[in-house]
Amino acid sequence: MALIERCLSDYGALPVATQVSPNDQMQNQWYLEVGRSAVEVILAGLMSSYVPQVNRVLDLPCGHGRVLRHLVRMFPTAEFHACDLDADGVRYCAEQFGAVPVVSRPELSEVDFGTKYDLIWVGSLFTHVAEPQCRSWLAHLAKFLTARGIVVATMHGRWSQSVHQRMPYIGEDRWQEIVNGYHARGYGYADYVSSESVDHVPGNYGISLARPSAILSMLEHLEGIRVFSYSERAWADHQDVVVYGKPAVDEAW
């Protein structure tokens, strides 16, 4: 509880930066609220785990700091690494929030972060990739955790079927392809068409939909980690949040 109390105290000590990059494609009326919600799910993740202190944090994909602007307030003494395919976003996070810039690669498993993290925040990355990438990247990130580090990652879960009816994620023909895969295998995916995508993401990029059981099954097959929690609609009352990391589930007492 001491870590949580300290995080809350530090977060409230200074205001969160409200200036947003003109190049930030995520900017809308919910921008600061969504970032604030990430604080809440990360605190819940810390409470469910054994992280003793947060000295180094990876924000992936960082964008232009929608969440990072909150994290630098919550962990004022930590070192932050900001990673994204969007080089402009990475540069902005380095300049505005003092983060170490890490320009990613389309195949995340090719990125060697060269260090270990107490916390890896993955906000809306797995929501855009196919099942093989999701499985591979969950495993890849686990390699860069400290002895008690955690990954807090978001997914499109069951509730996203209702969200699509109000605010479509993707064209209806491809949404049906996603839903078919979801019902058949627990994980559905389809690529965006060019008009729905973004220039800085080449190759496969679209929308995924996953059952909690599908994500948990992937994590069950990873050696050296344990699942700490899975919460539906936890991030901004929208995306599911899974927390996994170390120590391993089979580590001896």
Side-chain angles (χ1 to χ4, degrees), residues 25-26 28 30 34 37-38 41 45 60-61 63 66-67 84-86 104-111 120-142 151-223 225 227-244:
Q25 298 179 351
M26 303 305 295
N28 57 31
W30 303 292
V34 170
S37 179
V41 298
L60 165 74
R66 178 171 62 166
V67 171
D84 204 299
L85 286 169
D86 185 350
S104 191
R105 306 189 65 172
E107 176 45 62
L108 181 63
S109 61
E110 296 176 359
V111 179
I120 299 178
W121 162 250
V122 190
S124 205
L125 172 66
F126 297 114
T127 53
H128 293 290
V129 302
E131 184 175 0
Q133 288 171 296
C134 183
R135 187 184 305 275
S136 171
W137 295 1
L138 286 169
H140 184 65
L141 292 176
V151 176
V152 181
T154 75
M155 311 285 174
H156 282 146
R158 296 189 293 174
W159 169 242
S160 291
Q161 295 177 89
S162 298
V163 174
H164 176 80
Q165 304 309 313
R166 303 179 187 184
M167 298 180 294
Y169 297 112
I170 198 168
E172 199 58 39
D173 56 335
R174 278 153 296 122
W175 177 250
Q176 193 55 54
E177 179 184 344
I178 293 168
V179 171
N180 290 343
Y182 173 82
H183 287 303
R185 303 182 306 279
Y187 197 109
Y189 173 82
D191 280 336
Y192 286 131
V193 295
S194 58
S195 61
E196 298 166 330
S197 190
V198 290
D199 294 338
H200 62 265
V201 183
N204 293 341
Y205 180 61
I207 287 291
S208 67
L209 180 66
R211 293 187 186 278
S213 57
I215 300 302
L216 293 173
S217 179
M218 293 180 191
L219 294 172
E220 282 182 52
H221 290 86
L222 293 187
E223 294 185 2
I225 65 101
V227 179
F228 289 105
S229 67
Y230 190 104
S231 303
E232 294 186 295
R233 295 177 58 173
W235 188 28
D237 198 25
H238 180 190
Q239 295 183 15
D240 292 3
V241 176
V242 65
V243 180
Y244 71 98

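Remember, it's a predicted structure, so these values are computed and weren't measured experimentally.
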Kindly write out the residues that satisfy salt bridge (Lys or Arg N to Asp or Glu O under 4.0 Å) with [X], not counting sequence neighbours, or none if the list is empty.
X      : result
Arg135 : Glu131
Glu107 : none
Glu110 : Arg105

Interatomic distance, [X] atom [atom1] to [Y] atom [atom2] [nearest 0.5 angstrom]:
X      : Y      : atom1 : atom2 : result
Phe228 : Leu219 : CZ    : CG    : 11.5 Å
His128 : Tyr192 : NE2   : OH    : 4.5 Å
Gln165 : Ser160 : CD    : OG    : 11.0 Å
Gln176 : Tyr182 : CD    : OH    : 13.5 Å

Restricting to non-hydrogen atoms, name the atom on [X] and the atom on [Y] that form the minimum distance, rounded to 0.1 Å.
X      : Y      : answer
Leu222 : Ala139 : CD2-CB, 3.4 Å
Leu141 : Leu60  : CD2-CD2, 3.8 Å
Ile225 : Ala142 : CG2-CB, 3.9 Å
Ser208 : Val129 : CB-O, 3.4 Å
Ser37  : Ala236 : OG-N, 2.7 Å
Ser136 : Ser109 : OG-CB, 4.1 Å

Checking [X] now: which residues fulfil side chain to side chain contact (heavy atoms under 4.5 Å, CB included) with it, not counting sequence neighbours?
X      : value
Asn28  : Trp30, Tyr31
Glu172 : His164, Trp175
Thr127 : Ser124, Thr154, His156, Gln239

*Would you find a donor on one side and an acceptor on the other, under 3.5 Å apart, between the side chain of Tyr189 and the backbone of Tyr205?*
yes

*How would you list, by chain and number, every residue that makes a side-chain hydrogen bond (donor to acceptor under 3.5 Å, both in side chains) with Tyr244, sequence neighbours excluded?*
none

*All side-chain hydrogen bond (donor to acceptor under 3.5 Å, both in side chains) counterparts of His140, not counting sequence neighbours*: none

_With sequence neighbours excluded, residues passing ring pair (Phe, Tyr, Trp, His ring centres under 6.0 Å) with Trp235_ = Trp121

_Quick check on Arg185: does its CZ atom have over 12 non-hydrogen neighbours (other residues, nucleotides or ligands) under 6.0 Å away?_
yes

*Within-4.5 Å side-chain heavy-atom neighbours: Leu138 and Val151*: no

*May I ask you to test the Tyr169-Leu209 pair for a side-chain heavy-atom distance under 4.5 Å?*
no

*asked:* What verdict does the side-chain contact (heavy atoms from CB on, under 4.5 Å) test give for Ile215 and Phe126, after you've listed the backbone C-alpha separation in whole Å, the side-chain angles of each residue and the deciding distance to 0.1 Å?
replied: CA-CA 10 Å; Ile215 300 302; Phe126 297 114; over 6 Å; no

*asked:* side-chain contact (heavy atoms from CB on, under 4.5 Å), that's the test. Do Arg174 and Ile207 meet it? Break it down for me.
replied: CA-CA 9 Å; Arg174 278 153 296 122; Ile207 287 291; over 6 Å; no

I need the full list of salt bridge (Lys or Arg N to Asp or Glu O under 4.0 Å) pairs touching [range], with sequence neighbours left out, sorted by first then second residue.
range            : result
residues 204-214 : none
residues 233-242 : Arg233-Asp237
residues 161-170 : none

